[in-house]
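Encoded as structure tokens, the structure appears first; notes follow it.
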Amino acid sequence: MKIIFDVYDYIDDLMALYKNEWWSDKRSKDDVIKMLQNTTFVFGIVKDDKLIAFCRVLSDLVYKALIFDVIVDKNYRGEGVSKILLNEVFNHPKLRNVAGFELYCLEEMKDYYEKLGFKKLDLILMKR
């Protein structure tokens with residue numbers, strides 16, 4: 001496995017990952033490319049020249065880093081791939097001193113992320 005910080009060469013693999021998830025299956029390639037261009041950090045894991053895991057981070061590099069789109073190919077789930085991916089995020093030279101990392105997850109993923117040091121917050125999520 002190899003960590004990458006630019007997924008443009010793997011855009012079709014990323015689109016395939018997105019198409020397999022309910023929360024991202026409607027994303028268009030043009031919109032994903034625009035999203036990548038405006039994201040602070042991109043992380044991917046490649047195995048056998050295929051993107052098997054991905055996440056992205058928006059950050060002010062001081063107080064907050066918000067992790068989005070943590071996704072692992074279904075064939076590699078349960079193998080610790082997302083833990084490797086998130087450790088790369090936490091240890092990135094420009095992110096390691098950020099005060100707090102946040103992410104959204106489904107209730108069923110709460111226990112998993114708590115094992116990685118995240119805590120459930122009693123906040124109201126608002127959307128417009």
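Just so it is clear, the structure is predicted and the values come from calculations on it, not from any experiment.
A distance of 10.0 Å separates CG of Asp48 from CE of Met1, quoted to the nearest 0.5 Å. Note that CG of Leu116 is 6.0 Å distant from CZ of Phe90, once rounded to the nearest 0.5 Å. Taking CG from Asp69 and CZ from Arg56, the interatomic distance works out to 4.5 Å, rounded to the nearest 0.5 Å. Taking CD1 of Ile4 as the reference point, atom CG of Leu51 lies at 5.5 Å (rounded to 0.5 Å). Here the CG atom belonging to Leu14 is positioned 12.5 Å from the CG atom belonging to Asp9, to the nearest 0.5 angstrom. The structure places NZ of Lys119 at 10.0 Å from CD of Glu114, a figure rounded to the nearest 0.5 Å.
For Tyr8, the OH atom counts as densely surrounded, since its 6.0 Å shell holds more than 12 non-hydrogen atoms of other residues, nucleotides or ligands. The number of heavy atoms from other shown groups lying within 6.0 Å of NZ (Lys110) is above 12.
Contact detail for Lys19 and Arg27: the closest heavy-atom pair is NZ-O, 2.9 Å. Of all non-hydrogen atoms in Lys50 and Asp13, the two that sit nearest each other are CA-OD2, 3.5 Å. When all heavy atoms of Ala65 and Val98 are compared, the pair lying nearest together is N-CG1, 3.7 Å. Among all heavy-atom pairs drawn from Glu21 and Leu17, the shortest one is CG-O, 3.6 Å. The nearest pair of heavy atoms linking Val72 to Ser82 is CG2-CB, 3.8 Å. Of all heavy-atom pairs between Leu61 and Leu95, the closest is CD2-CD2, 4.0 Å.
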Trp23 and Leu106: side chain to side chain contact (heavy atoms under 4.5 Å, CB included), yes or no, with the steps? CA-CA 11 Å; Trp23 50 270; Leu106 293 173; 5.9 Å; no
Discussion item. Walk me through whether Lys29 and Asp12 qualify under side chain to side chain contact (heavy atoms under 4.5 Å, CB included).
Written reply: CA-CA 8 Å; Lys29 190 173 186 177; Asp12 291 331; 2.9 Å; yes
Check: What do the steps show when you test Phe118 against Cys105 for side chain to side chain contact (heavy atoms under 4.5 Å, CB included), and what is the final call?
Finding: CA-CA 11 Å; Phe118 288 90; Cys105 72; over 6 Å; no
Check your understanding: Where do Lys83 and Tyr112 land on the side chain to side chain contact (heavy atoms under 4.5 Å, CB included) test, with the steps shown first?
Key -> CA-CA 10 Å; Lys83 185 176 181 181; Tyr112 175 77; 4.0 Å; yes
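The hydrophobic clustering, which links ILVMFWY residues whose side-chain heavy atoms are closer than 4.5 Å, places Met109 and Ile84 together. The cluster map of Ile, Leu, Val, Met, Phe, Trp and Tyr, joined by side-chain heavy atoms under 4.5 Å apart, puts Leu103 and Phe41 in the same cluster. Under the 4.5 Å side-chain heavy-atom criterion for grouping Ile, Leu, Val, Met, Phe, Trp and Tyr, Val46 is connected to Val7 within one hydrophobic cluster. By the criterion of side-chain heavy atoms lying less than 4.5 angstrom apart, applied directly or through intervening Ile, Leu, Val, Met, Phe, Trp or Tyr residues, Leu85 is grouped together with Ile67 in one hydrophobic cluster. In the hydrophobic clustering of this structure, Val81 groups with Tyr113; members are Ile, Leu, Val, Met, Phe, Trp, Tyr whose side-chain heavy atoms approach within less than 4.5 Å, directly or through other members.
Between Phe5 and Phe43, a ring centre-to-centre spacing shorter than 6.0 Å is recorded.
When side chains are defined from C-beta on, Asp49 counts as touching Tyr10, because their heavy atoms get closer than 4.5 Å. The side-chain heavy atoms of Ile3 and Ile45, taken from C-beta on, include a pair separated by under 4.5 Å.
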